Amino acid sequence: MSFYSIKLQTLGYCLLGIILLATGFAHAETQPYRPHVYINENPRPTRLNYDADKDVAFINISGLTGVLAIRPVPNEIYQHNIDINLTTARAVADVSYAIARKAHFRLYPEEEYTYHFNPDTARIEITNSQNIRVLTLPVNREGLSPWVSLGNYQARQIRVNVNDDGTFSIRESSKPTRLPVIVPRPSALSYAYDEALGAMHIAWTLPPPEAIDDEEIPFNPNDYQFALCYAHSAHADTITAFARLEELLTFNERDAQEEGHCITDLTATEYELIDFFTDIPYTIVVYAYDLSKFSEPSSPVNFLLENPLQPIPLNDTGITYCAHASATTRCRYPFLPDQDGDSGRDWQHQQATLSKQGNAGSAGFDFETLNANGQRVAPGNHRCVYDHHTQLTWQIAPTSARATQLYTRDQALAYMEEINQSGICGYRDWRLPTRLELHTIRNLGRLQDPPIDTDAFPDTQRGNYWSASPHASGEDTYWHIRFAITGIGVHLGEQAHKDTPAYLRLVRSNYVIHPRARSYCSLGTSTPEGEFIEMDNGSTLCHTATGLKWQRCSLGQTWNGVRCTGTARMESWQTALMLARDQADWRIPNINELSTLVDQCRTLPAINPSLFPNVTGSLYWSSSPYGADSSRDAAWVIGFNTGNGILSGRASPAFTRLVSNTPCQAP
């Protein structure tokens, strides 16, 4: 498509000279103004935007009809360049001389335009394919118009010439533009993982634009900002196909991780990316852009940060009591063996054989309270809590108002950004915790609400807290983890829409972010086969993320080398404990251990069927009794229809899956 098709107008030579001298830019030189925009001659003007860094005023005109009169306002000084972007084909811009001498016009690109010189007004008139006038431009003493470009075509000035026969002709100037219209494309995109920061360092360069007609184009890299876009490599096309600048700048929903995410308004040619997850292949591109246009994307770069196959410790549940009939009793009771309180860190604490390093935490919990600078302080004057066992650091609300505030998911993410800007306790990589990470600080042995060590976490509210973990029930739904275990309808978590308010506690980790810290299910599972290693001819699985070894089949079934055969047994809690005792080195898992098998990206069943076949959506026992109300005679179970933890009467039937007493190691 040609930039313009040219029409000629014939008039007298003297008339042109008089008009150009009388109405040229000389009038505007005497008084610089700050312009206002009058839409359809509205007496209440709209002030232009101003970018102080670039010393440019700008206005993007879209979706408007009628005359857009850009006029100076008397007695207001204006000394800056103007970008005027006519991104609509239905508006006419009528610009004063004082404004035009400073302006750079960009026309609606999906059009063909004709222009001619009107000697009655001494203006160049530009019309579109429907013969509708869209822009009138004055000319200066040399017969040149302001700078004009069509979409991403190179900008040109329009020149009015007097022919030998006394007629006028107009043509495009061959001078290079004063501002490059095609934004330079970023290049040399690279990345490197900074283990100390837990961040991926992304860097790039911005080369100058190519010369036009062997003439160099003025180039200032400070005229541009950058957008860093990244997505799962399977969805890379979503970050390389933007049609308009507005699409690029608004493509920044964190909840849309599966489709991609763009970080905009970057001024440096580097960025520390922390909002990504291990074991996921990413594609990254970078765009440069100014007030109205953007570059082609840089050549894409792919990266994959693999999670080290090392177990991430789980805390025990805090339960130090055991159950018998309808009452709690001492542990190591011979007729109800291998309950939650019979083993693990909680049992070691009861036996005074557990070595701790922190200054807070009951039972097997080992917390250290830190001030805002990350230094150890006594509980009560702290801003963070470090867990010596899980290596997680937790944020404490700075005020009671923050502690009791309820957040939507978007508000929670905004607060996370605020905390990262402040660098509380010396860190800037705070994030929303996963479902399992929140389980690690809940103390189910505390027989009142909230179920947590209140010396370490005095700001905890009775209710639901936000997690980063999605829920498989639908789009924009996530896990809320409940810190309340008394009353009606006791449960450990539930699905919630992103606009459902909940309390908030942020976390950070010293290790590479765990695969289950993903905020989406682009791989179709949160418990991928790659995290499990088959052992014992495939009948058991070593979960490398936790170090737990699991029987692949439910109690009552056997593994035939391909699948589980036989009928899974549904037994009471007491019977299940006795049957587990008969299998050497195997026991019923506690509720935290059993929760690690929940596939948060599935329902019915909420477990990976490739790993654990023939699973129904029914209840599975944990070894964790419920002690907050002994009259209920209950224990904690996982319902593998949704993956939630709830209570079930100990005399009621449920299925059982056994875990080994001996931690496994990846070969």
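Note that the structure is predicted; figures quoted are calculated from it, not measured.
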- Task: Check the pair Val385, Ile396 against side chain to side chain contact (heavy atoms under 4.5 Å, CB included), reporting the backbone distance first and the verdict last.
- Result: CA-CA 7 Å; Val385 175; Ile396 301 298; 3.8 Å; yes
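Using a 30° and 60° split on the angle between ring planes, Tyr191 and Phe303 fall in the tilted class, from 30° to 60°. Relative orientation of the Trp479 and His471 rings is tilted, given thresholds of 30° and 60° on the angle between their planes. Between Tyr503 and Tyr465, the two ring planes are tilted [angle within 30° to 60°].
For the residue pair Tyr289 and Asp265, a side-chain donor N or O sits within less than 3.5 Å of a side-chain acceptor on the partner. Looking only at atom types and distance, the side chain of Ser362 has a donor-acceptor partner in the side chain of Asn443 under 3.5 Å away. With hydrogens and angles left out, the side-chain atoms of Glu494 and His480 include no donor and acceptor closer than 3.5 Å. Side-chain contact annotation: Ser509 with Arg431, donor-acceptor N/O pair under 3.5 Å present. Side chain to side chain, Asn420 and Arg428 fail the donor-acceptor criterion of an N or O pair below 3.5 Å. For Ser343 and Asp338, the side-chain atoms include no donor-acceptor pair closer than 3.5 Å. A donor and an acceptor atom, one from each side chain of Thr440 and Asn315, are nowhere located under 3.5 Å apart.
Side-chain N or O atoms of Glu437 include one that pairs as donor or acceptor with a backbone N or O of Thr434 at under 3.5 Å. Side-chain N or O atoms of Glu593 include one that pairs as donor or acceptor with a backbone N or O of Asn590 at under 3.5 Å. Side chain of Arg650 to backbone of Ala634: a donor-acceptor contact under 3.5 angstrom is found. Put simply, the side chain of Asp316 gets close to the backbone of Asp346: a donor and an acceptor are under 3.5 Å apart. In this structure, the side chain of Thr264 does not engage the main chain of Ala227 through any donor-acceptor pair within 3.5 Å. Counting only distance, with no hydrogens or angles, the side chain of Arg402 and the backbone of Leu504 share no donor-acceptor pair below 3.5 Å. No donor-acceptor pair under 3.5 Å is formed between the side chain of Arg409 and the backbone N or O of Leu413. Within the 3.5 Å criterion, the main-chain N or O of Glu246 finds a donor-acceptor partner in the side chain of Thr250. Using a distance-only test at 3.5 Å, with no hydrogens or angles considered, no donor-acceptor pair links the side chain of Thr317 to the main chain of Leu444. In this structure, Asn371 contributes its side chain and Gly374 its backbone to a donor-acceptor pair below 3.5 Å.
Nearest approach of Thr486 to Arg462, heavy atoms of both residues: O-NH2, 2.7 Å. Across all non-hydrogen atoms, the minimal contact from Pro398 to Gln395 is CD-NE2, 3.9 Å. Between Leu438 and Trp466 the shortest heavy-atom distance is CD1-O, 3.5 Å.
Residue Ser624 holds its OG atom at 6.0 Å from CD1 of Ile591, rounded to the nearest 0.5 Å. Taking NE2 of His439 as the reference point, atom OG of Ser467 lies at 9.0 Å (rounded to 0.5 Å). Rounding to the nearest 0.5 Å places OG of Ser595 at 9.5 Å from CG of Leu314.
In this structure, Phe640 has its ring center under 6.0 Å from that of Tyr620. A centroid separation of less than 6.0 Å is found between the aromatic rings of Phe457 and Phe367.
The one candidate from His382, His388, His389 that meets the ring-ring contact (aromatic ring centres under 6.0 Å, His included) condition with Tyr386 is His388. The side chain to side chain contact (heavy atoms under 4.5 Å, CB included) test with Pro433 is passed by exactly one of Leu392, Val507, Ile481: Val507. Checking Phe226, Phe251, Trp204, Phe242 one by one against Tyr287, the ring-ring contact (aromatic ring centres under 6.0 Å, His included) holds for a single residue, Phe242.
Residue Gln421 qualifies as open at atom CD: its count of foreign heavy atoms under 6.0 Å is 12 or below.
Listed by first then second residue, pairs satisfying ring pair (Phe, Tyr, Trp, His ring centres under 6.0 Å) with a partner in residues 410-436 read Tyr407-Tyr415, not counting sequence neighbours.
Considering only residues two or more places apart in sequence or on other chains, Arg505 meets the side-chain hydrogen bond (donor to acceptor under 3.5 Å, both in side chains) condition with Asp459, Thr460.
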